[in-house]
**Student:** 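Just passing along the structure, written as structure tokens.
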Amino acid sequence: MAAVNSSKHSRSKSQLNAISKWNIMQYKLYLICTFLLLFVSLGFSDDDHEMEEFLKREFSLSKPYQGVGSLGSSHWELMGDAMVTTDQVRLTPDMQSRQGAVWSRIPCHLKDWEMQVHFKVHGQGKKNLNGDGLAIWYTKERMQKGPVFGNMDNFTGLGVFVDTYPNEEKHIERIFPFVIAMVGNGTISYDHERDGRPTELGGCNAMVRNQKHDTFLFIRYIRRRLTVMIDIDGQHEWRDCLDIPGVRLPLGYYFGASAITGDLSDNHDIISLKLYQLTVLRSKKEEKEEEQDVITIPSVDNMELLRLGQNEEGMSGLAIFFTVLFSMLGCIFLIVIGMVVYSHWNESRRKRFY
């Protein structure tokens with residue numbers, strides 16, 4: 001009887017141990033899930049709960065374009081061959097050697113902002129027989145004609161370019177039209193022959209020409225981070241194009257849009273430019289750091305590392321080829337060595353048996 005009781009006692013003790021282990025495991029899982037939920041909620045709070053958007057009409061351009069280009073009655077000014085119609089602001093017609101622009105008359109002093117661009121590029125030219133593209137600007141200078149998509153070279157500020165014609169002869173991994181971003185400090189020149197590669201922050205291909213649906217460009221500048229996205233597939237979904245931290249843009253610059261044609265041409269149309277002020281909650285430490293670190297010249301942190309990464313990306317195809325080649329040669333070498341070793345071992349084994 002005592003043996004039966006002892007076995008029952010040991011069995012109940014093991015059951016209790018199993019239950020306690022199960023409870024501990026459940027508790028650990030609960031803690032992990034709680035931590036993950038907290039992490040995700042904090043991530044969403046940075047994007048949603050801590051940020052609000054407000055449309056700034058004085059920096060926006062949309063239908064019916066009342067008074068655009070006329071003195072004193074509009075916040076926007078036309079330049080060059082740009083003209084206003086009922087449906088769009090046409091920066092250039094589908095004609096050779098034209099350039100035009102539209103510029104805001106009011107400097108922007110917003111720390112964090114978001115620009116949504118509704119645009120259209122279309123023309124009679126066939127693929128690769130069209131050009132040259134359009135640009136969206138946030139720069140110190142305004143109303144300056146020039147070769148960089150209708151604006152001056154050596155500009156000071158930010159340019160986001162929709163480049164529709166490849167000037168560089170060898171384009172292996174890049175398909176045009178292509179969107180890139182560039183930050184200039186007044187001394188950096190845009191390299192036309194290489195389609196701006198030496199100074200670009202990044203980019204993506206964007207098949208925007210002669211689309212039957214609407215095409216959009218999204219530019220966000222928040223906490224010194226530049227994000228560019230596109231919506232060109234008619235799906236009403238933003239697609240990532242580039243996301244660069246450490247972009248330093250001064251306050252008080254002007255927004256604008258410009259385009260240019262050369263021997264090849266296209267219609268470059270701006271349907272709307274909508275600027276939103278982003279209200280972002282900052283800690284006292286962040287506010288103090290921003291007050292002490294006043295930006296006077298546009299720049300990008302770690303630009304050399306960024307260029308190094310672009311060079312590595314540009315060599316990726318060649319690097320993959322040589323990696324595969326040397327891997328195959330290495331495998332062949334190992335197989336040959338293995339066959340030689342095996343033949344010697346087999347021969348020595350036969351000698352032991354004779």
**Student:** Return each pair, listed once, that meets salt bridge (charged side-chain N to carboxylate O under 4.0 Å, His left out) where at least one residue sits in residues 242-261; pairs must be two or more places apart or across chains.
**Tutor:** R225-D243, R248-D293, R248-D301
**Student:** State yes or no: are the ring centers of W113 and Y138 separated by less than 6.0 Å?
**Tutor:**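 Yes, close enough.
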**Student:** Backbone N or O of S272 within a donor-acceptor pair of the Y65 side chain at under 3.5 Å?
**Tutor:**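 No: the side chain of Y65 does not pair with the backbone of S272.
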**Student:** Dump the intermediate steps for salt bridge (Lys or Arg N to Asp or Glu O under 4.0 Å) on E286 and K111, then the final yes or no.
**Tutor:** CA-CA 13 Å; E286 288 176 327; K111 284 184 178 181; over 6 Å; no
**Student:** Nearest heavy-atom pair of T261 and S97: which atoms, and what distance?
**Tutor:** OG1-N, 3.2 Å
**Student:** Anything under 3.5 Å between a donor and an acceptor, one on a side chain of residues 231-238, the other on a protein residue two or more places apart or in another chain? List them.
**Tutor:**
none

**Student:** So, taking the atom named CD in Q99 and the one named CG in D132, what distance separates them when rounded to the nearest 0.5 Å?
**Tutor:**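 CG of D132 is found 10.5 Å from CD of Q99.
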**Student:** Please list, chain by chain and in numerical order, all residues satisfying side chain to side chain donor-acceptor pair (under 3.5 Å) with R239, sequence neighbours excluded.
**Tutor:**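 By the side chain to side chain donor-acceptor pair (under 3.5 Å) rule, R239 matches no residue at all.
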**Student:** Which pair of non-hydrogen atoms, one from A101 and one from A82, has the smallest distance, and what is that distance?
**Tutor:**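 For A101 and A82, the tightest heavy-atom pair comes out as O-CB, 3.5 Å.
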**Student:** So, taking the atom named NZ in K140 and the one named OH in Y254, what distance separates them when rounded to the nearest 0.5 Å?
**Tutor:** 10.5 Å
**Student:** Identify every side-chain donor-acceptor pair in residues 175-185 under 3.5 Å, counting partners at least two apart or on other chains, and give the distances.
**Tutor:**
from, atom 1, to, atom 2, distance (Å)
N185, OD1, T187, N, 3.0
N185, OD1, T187, OG1, 2.7

**Student:** Looking at L264 and Y165, what are the two nearest heavy atoms and their distance?
**Tutor:**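 Shortest heavy-atom separation between L264 and Y165 comes out as CD1-CE1, 3.5 Å.
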**Student:** Would you list the atom pairs, donor with acceptor, under 3.5 Å between side chains in residues 147-159 and any protein atom, with sequence neighbours excluded?
**Tutor:**
from, atom 1, to, atom 2, distance (Å)
D153, OD1, Y190, N, 3.0
D153, OD2, S189, OG, 2.6
N154, OD1, S189, N, 3.4
T156, OG1, E141, OE2, 2.7

**Student:** Can you tell me how far apart NE2 (H118) and NZ (K274) are? Round to the nearest 0.5 Å.
**Tutor:** 9.5 Å
**Student:** Hey, which of D269, N210, D94 is the one that makes side-chain hydrogen bond (donor to acceptor under 3.5 Å, both in side chains) with H122?
**Tutor:** D269
**Student:** List the residues meeting side chain to side chain donor-acceptor pair (under 3.5 Å) with W137, not counting sequence neighbours, and say none if there are none.
**Tutor:** S258
**Student:** Out of curiosity, W103 CH2 to L78 CG, how far, rounded to the nearest 0.5 Å?
**Tutor:** 13.0 Å
**Student:** Show me the pairs that pass side chain to side chain donor-acceptor pair (under 3.5 Å) and involve residues 77-87, at least two apart or across chains.
**Tutor:** E77-R142, T85-Q88
**Student:** Output all residues satisfying side chain to side chain contact (heavy atoms under 4.5 Å, CB included) with N130, sequence neighbours left out; order by chain, then residue number.
**Tutor:** T164, R209, D266
**Student:** Scan the side chains in residues 54-62 for donor-acceptor partners under 3.5 Å anywhere in the protein, sequence neighbours excluded, and list what turns up.
**Tutor:**
from, atom 1, to, atom 2, distance (Å)
S60, OG, K56, O, 2.8
S60, OG, L275, N, 3.0

**Student:** Step by step, work out the side-chain contact (heavy atoms from CB on, under 4.5 Å) result for Q277 and L110.
**Tutor:** CA-CA 7 Å; Q277 179 182 3; L110 302 178; 3.6 Å; yes
**Student:** Quick one: list whatever passes disulfide (SG to SG under 2.5 Å) with C108, sequence neighbours left out.
**Tutor:** none
**Student:** Do you know which two heavy atoms are closest between Y253 and T296, and how far apart they sit?
**Tutor:** OH-O, 4.1 Å
**Student:** With Y276, which residues qualify under ring-ring contact (aromatic ring centres under 6.0 Å, His included), at least two apart?
**Tutor:**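 Once residues adjacent in sequence are excluded, Y276 has no partner under the ring-ring contact (aromatic ring centres under 6.0 Å, His included) criterion.
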**Student:** Using the test side chain to side chain contact (heavy atoms under 4.5 Å, CB included), find all partners of Q96 that sit at least two apart in sequence or belong to another chain.
**Tutor:**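 Once residues adjacent in sequence are excluded, Q96 has no partner under the side chain to side chain contact (heavy atoms under 4.5 Å, CB included) criterion.
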**Student:** Do E290 and R282 meet the salt-bridge criterion of a basic N to acidic O distance under 4.0 Å?
**Tutor:** yes
**Student:** Where is the tightest heavy-atom contact between A135 and F161, given as atom of each residue plus distance?
**Tutor:**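 Shortest heavy-atom contact: CB-CD2, 3.4 Å.
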